[in-house]
Trainee: 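Sharing a structure with you now.
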Amino acid sequence: MLYQTSWTRLNIAIASLSLAVGLSVGGPSGASAEPVHGIAMQGEPALPSDFDHLPYVNPDAPQGGRMRYGVYGTFDNLNPVSVKGLLTTARGIWADPEFGSLVFEPLLQRSADEPFTLYGLLAESVETDPDRTFVEFTLNPQARFSDGEPVTVDDVLFTCEMLRDHGRPFYGAWLKKVEKIEKVGERTVRFTFNEQADRELPLLLGLLPVLPKHAFDPKTIDETTLKPVIGSGPYVISEVEPGQRIVYKKNPDYWGKDLPIKRGIDNYDEIQIDYYRDINAQFEAFKKGLFYVYLEGNPRHWQTAYDFPAVTNGDVVKEAFETGIPANTRAFVFNTRRPIFQDVHVRSALSLLFDFEWANKNLYYGAYKRISSFFENSELSSVGQPASEKEKALLGNYASQIEPDVMDGTYRAPVSDGSGTDRKLLRAAMSELQDAGYSFANGRMAGPDGKPLSFEIMAQTDDEERLALAYSRTLSRLGIDATVRLVDDAQYQARKQEFDYDMILFTYTASLSPGAEQVNRWGSSAKDAVGSFNYAGVADPAVDAMIEKIVTTRTRDEFVAAVRAYDRLLISGHYVVPLFYLPEKWLARRNFIEHPEATPVTGYYLPSFWMDPSHQ
């Protein structure tokens, strides 16, 4: 069954709001600063101040039961701040992309049904001026940590200090744009911005977690820990088996259970997350009923693996969900820190040699669509759109870095004959390599220094290995030696964090409101920052300049122009080999796990699911 998102019903209204001149906070553009219930990046929040619940939840969802999830990987850390535990922090503790924030909470809660809108959570109101020179958050007087202590302004001040000095890189990037943080009332904290600030900053600060000052030691805050931590969220940590499972138990005294932003969410009494080191073992566990929801992203697996009895008799339900966000960008990523990938002609040539048509047919049952843009399948994509005068003005002299077909909108990712040996694309790649000084002799491609063109593709899963081997076979047609190395999860995470690889596969998540997170992915300041997502090692003033434009634009038209210009720069830089995306999101669930009829723009929203009371 295909579920449509509630975005389909709201897109006209939101699109109209997005065209409003300037950015506003719960009121008309240009209005005087005053405390309001929500804040939107463009336009106004879609929900009024007296909203009863989010449009994609069941406010009367049954409560109770123990939900069991199964995930691939491992964990050895419960500290959401520690950089050392960045890649091995237990799932669900804070800002988990699937399970939400079970233990720690932000000042404001993001709506999954709007491009970028936040509503009050720990903070009952937010206030900023039309020029976004400051933001004030007034805490909800009922907000409490799980040990009963109130959430105070001092906790917010402590959190900001810890995140700035010891936290993960993107927190420091946000907070360095703040000139001053001060307590301006019993429950109000004010952030005054410096000249580095942009118009997204009030929203980013609203997403900060709040740590209890009384429960964290500043001397050890940057260390990993397996001691259960204290937060303000709906769950507390009740069981920990490092690398195997973590169990969260609902706090019966959770302070926010009756808030409109929380109605119909966090419906289980307990949530258990089991870890599996092997994907095959993970799926076998799901088949046996050891956990209840399987998030599927492999078309081959989706088509062939669900023939077990529980599917046949209806105990397991397969579902497809429509989304309204740009496609995530799945790609082979060049590590341009490596000398072999520093020439754009080499990267361009290697990009021509991925045979999507062959892979899609032979590996994925034709389920995928090809990616050409970093914002594929949305109005933010530059593909098919000639650069507007507004884009050209934003780019200025940087426009010379953009390839002509990318600038005029005719660029598309290459299309092959599906043979894996398309001579047309092989010739085009050879031409690019010759431009970089490479030559083909004795069955090998060699550079100007006589060294062979060879590199390693690091894979994490069997499916990644299978895809990388298919790519490697095509590369070998031009005498390029690409070896594929499958490594275990611990080694993979360590090498990825230290940028110790030639090429990896990675998926860049997308949204309708890209912003400051792009610095952490493509910005110069993130190139050598431990824990950043700049896996390609990009350090380009043009890219930095367009990110700056994205986060400082005031109107939706300017924003779209800035993102498209940015897209053109990334495409022309050939930092990745763009692969493919799924037009839907898939999951399989046990039939006693249920969900609302409406789903948000992001597709399924697991925190709104519940368990059939008859199964509890």
Side-chain angles (χ1 to χ4, degrees), residues 76-77 79-89 93-97 159-178 193-198 200-201 203-205 207-209 211 218 220-224 329 331 333-339 341-342 374 458 460 490-511 514-552 566 569-570 573 575-576:
D76 61 7
N77 178 42
N79 181 355
V81 176
S82 170
V83 174
K84 297 177 182 178
L86 174 64
L87 299 175
T88 55
T89 302
I93 285 182
W94 162 246
D96 189 278
T159 297
C160 291
E161 181 182 355
M162 294 300 101
L163 294 178
R164 182 194 64 206
D165 297 342
H166 306 286
R168 296 171 182 179
F170 59 90
Y171 291 130
W174 298 354
L175 290 165
K176 75 177 183 181
K177 301 175 183 179
V178 177
F193 305 149
N194 60 31
E195 68 283 352
Q196 301 179 57
D198 51 62
E200 188 182 33
L201 188 57
L203 286 85
L204 297 179
L205 295 175
L207 292 174
L208 290 174
L211 309 176
T220 60
I221 193 133
D222 56 354
E223 297 295 326
T224 61
T329 301
V333 182
F334 297 107
N335 185 356
T336 62
R337 301 170 185 83
R338 300 288 205 246
F341 293 141
Q342 289 177 356
F374 287 83
M458 186 171 67
Q460 185 181 19
Q491 183 181 357
Y492 185 89
Q493 300 297 353
R495 289 183 60 182
K496 187 169 70 169
Q497 184 167 347
E498 296 169 4
F499 310 121
D500 181 21
Y501 50 82
D502 296 333
M503 176 180 280
I504 59 171
L505 281 115
F506 187 70
T507 300
Y508 298 92
T509 56
S511 79
E517 81 285 346
Q518 299 299 312
V519 174
N520 200 42
R521 298 179 181 187
W522 306 102
S524 298
S525 62
K527 177 187 174 184
D528 299 314
V530 175
S532 87
F533 293 95
N534 191 345
Y535 296 124
V538 176
D540 181 357
V543 170
D544 294 338
M546 286 309 103
I547 294 174
E548 178 68 16
K549 298 293 186 183
I550 288 170
V551 297
T552 56
Y566 177 58
L569 284 168
L570 294 179
Y575 301 114
V576 306

Trainee: Just so I know, are the side chains of Thr224 and Thr88 near enough to count as touching, which here means a heavy-atom distance under 4.5 Å?
Mentor: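 No, their side chains stay 4.5 Å or more apart.
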Trainee: Classify the side-chain pair Asn77/Thr89 by whether it contains a donor and acceptor separated by less than 3.5 Å.
Mentor: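 The answer is yes; a qualifying pair exists.
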Trainee: Mind checking side chain to side chain contact (heavy atoms under 4.5 Å, CB included) for Glu161 and listing every partner two or more places apart, or none if nothing turns up?
Mentor: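 In terms of side chain to side chain contact (heavy atoms under 4.5 Å, CB included), with neighbours along the sequence ignored, Glu161 is linked to Arg164, Asp165.
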Trainee: Mind checking what makes side chain to side chain donor-acceptor pair (under 3.5 Å) contact with Tyr501, not counting sequence neighbours?
Mentor: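 Once residues adjacent in sequence are excluded, Tyr501 has no partner under the side chain to side chain donor-acceptor pair (under 3.5 Å) criterion.
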Trainee: Which heavy-atom pair separates Thr336 from Ala536 by the least distance, and what is that distance?
Mentor: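 Of all heavy-atom pairs spanning Thr336 and Ala536, the closest is OG1-O, 2.5 Å.
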Trainee: Kindly list each side-chain donor-acceptor pair under 3.5 angstrom involving residues 541-550, sequence neighbours excluded, with atom names and distances?
Mentor:
{"from": "Asp544", "atom 1": "OD1", "to": "Ser524", "atom 2": "N", "distance (Å)": "3.0"}
{"from": "Asp544", "atom 1": "OD1", "to": "Ser524", "atom 2": "OG", "distance (Å)": "3.4"}
{"from": "Asp544", "atom 1": "OD2", "to": "Ser524", "atom 2": "OG", "distance (Å)": "2.6"}

Trainee: Which atom pair, heavy atoms only, marks the closest approach of Leu208 to Cys160?
Mentor: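 So the minimum-distance heavy-atom pair works out to CD1-SG, 3.9 Å.
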Trainee: Just verifying a value: how many Å separate Phe170 CZ and Phe533 CZ, rounded to the nearest 0.5 Å?
Mentor: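 It comes to 7.0 Å.
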Trainee: What pairs with Phe341 under ring pair (Phe, Tyr, Trp, His ring centres under 6.0 Å), at least two apart in sequence or on another chain?
Mentor: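 In terms of ring pair (Phe, Tyr, Trp, His ring centres under 6.0 Å), with neighbours along the sequence ignored, Phe341 is linked to Phe334, Phe455.
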Trainee: What I'd like to find out is whether the side chain of Val519 reaches to under 4.5 Å of the side chain of Val551, using heavy atoms alone.
Mentor: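 Contact flag for Val519/Val551 side chains = no.
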Trainee: Side chain to side chain donor-acceptor pair (under 3.5 Å) with Trp174: which residues, sequence neighbours excluded?
Mentor: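 In terms of side chain to side chain donor-acceptor pair (under 3.5 Å), with neighbours along the sequence ignored, Trp174 is linked to no residue.
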Trainee: Give, for atom CG of Leu203 and atom CG of Asp198, the distance between the pair rounded to the nearest 0.5 Å.
Mentor: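 Leu203 CG to Asp198 CG: 10.0 Å, rounded to 0.5 Å.
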Trainee: Nearest 0.5 angstrom please: Leu211 CG to Trp94 CH2, how far?
Mentor: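 Spacing of CG (Leu211) from CH2 (Trp94) equals 9.0 Å.
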Trainee: Taking side chain to side chain contact (heavy atoms under 4.5 Å, CB included) as the definition, give me every residue that meets it alongside Asn194, ordered by chain and number, with sequence neighbours left out.
Mentor: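 In terms of side chain to side chain contact (heavy atoms under 4.5 Å, CB included), with neighbours along the sequence ignored, Asn194 is linked to Lys177, Glu179, Gln196.
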Trainee: Residues two or more places apart in sequence or in another chain: which of them pass side chain to side chain donor-acceptor pair (under 3.5 Å) with Tyr575?
Mentor: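 Partners of Tyr575 by the side chain to side chain donor-acceptor pair (under 3.5 Å) criterion come out as none, since no residue qualifies.
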Trainee: I need the minimum non-hydrogen distance between Lys527 and Arg337, along with the two atoms involved.
Mentor: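 Heavy-atom minimum between the residues: O-NH2, 2.6 Å.
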Trainee: Listed by chain and number, what are the salt bridge (Lys or Arg N to Asp or Glu O under 4.0 Å) partners of Asp500, not counting sequence neighbours?
Mentor: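 Asp500 satisfies salt bridge (Lys or Arg N to Asp or Glu O under 4.0 Å) with Arg338, Arg495 once adjacent residues are dropped.
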Trainee: Answer yes or no: is there a side-chain heavy-atom contact under 4.5 Å between Leu570 and Tyr508?
Mentor: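 Sidechains of Tyr508 and Leu570: no contact.
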Trainee: Which heavy atom of Lys496 sits nearest a heavy atom of Met458, and at what distance?
Mentor: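 Reported closest heavy-atom pair: N-CE, 4.4 Å.
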Trainee: Listed by chain and number, what are the side chain to side chain contact (heavy atoms under 4.5 Å, CB included) partners of Thr509, not counting sequence neighbours?
Mentor: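 By the side chain to side chain contact (heavy atoms under 4.5 Å, CB included) rule, Thr509 matches Asn328, Arg521.
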Trainee: Just to verify, what does Ala526 make a side chain to side chain contact (heavy atoms under 4.5 Å, CB included) with, not counting sequence neighbours?
Mentor: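 Partners of Ala526 by the side chain to side chain contact (heavy atoms under 4.5 Å, CB included) criterion, ordered by chain and then number, come out as Asn520, Ser532, Asn534.
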Trainee: For Glu223, check side chain to side chain donor-acceptor pair (under 3.5 Å) against everything at least two apart and list the hits.
Mentor: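 Partners of Glu223 by the side chain to side chain donor-acceptor pair (under 3.5 Å) criterion, ordered by chain and then number, come out as Lys84.
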Trainee: Looking only at non-hydrogen atoms, find the nearest pair between Phe499 and Asn335 and report the distance.
Mentor: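 Looking at all heavy atoms of both residues, the shortest contact is O-ND2, 3.1 Å.
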Trainee: Would you check if Val530 and Gln497 make a side-chain contact, meaning some heavy-atom pair closer than 4.5 Å?
Mentor: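 Sidechains of Gln497 and Val530: in contact.
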Trainee: Nearest 0.5 angstrom please: Leu175 CG to Leu205 CG, how far?
Mentor: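 The CG atom of Leu205 is 6.0 Å from CG of Leu175, to the nearest 0.5 Å.
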Trainee: Nearest heavy-atom pair of Ser525 and Ala529: which atoms, and what distance?
Mentor: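 Heavy atoms of Ser525 and Ala529 come nearest at O-CB, 4.0 Å.
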Trainee: Phe506 and side-chain contact (heavy atoms from CB on, under 4.5 Å): which partner among Val333, Thr329, Val576?
Mentor: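 The side-chain contact (heavy atoms from CB on, under 4.5 Å) with Phe506 is passed solely by Val333 among Val333, Thr329, Val576.
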Trainee: After noting the C-alpha distance and the side-chain angles of Ile504 and Tyr492, does the key distance pass the side-chain contact (heavy atoms from CB on, under 4.5 Å) rule?
Mentor: CA-CA 10 Å; Ile504 59 171; Tyr492 185 89; 3.9 Å; yes
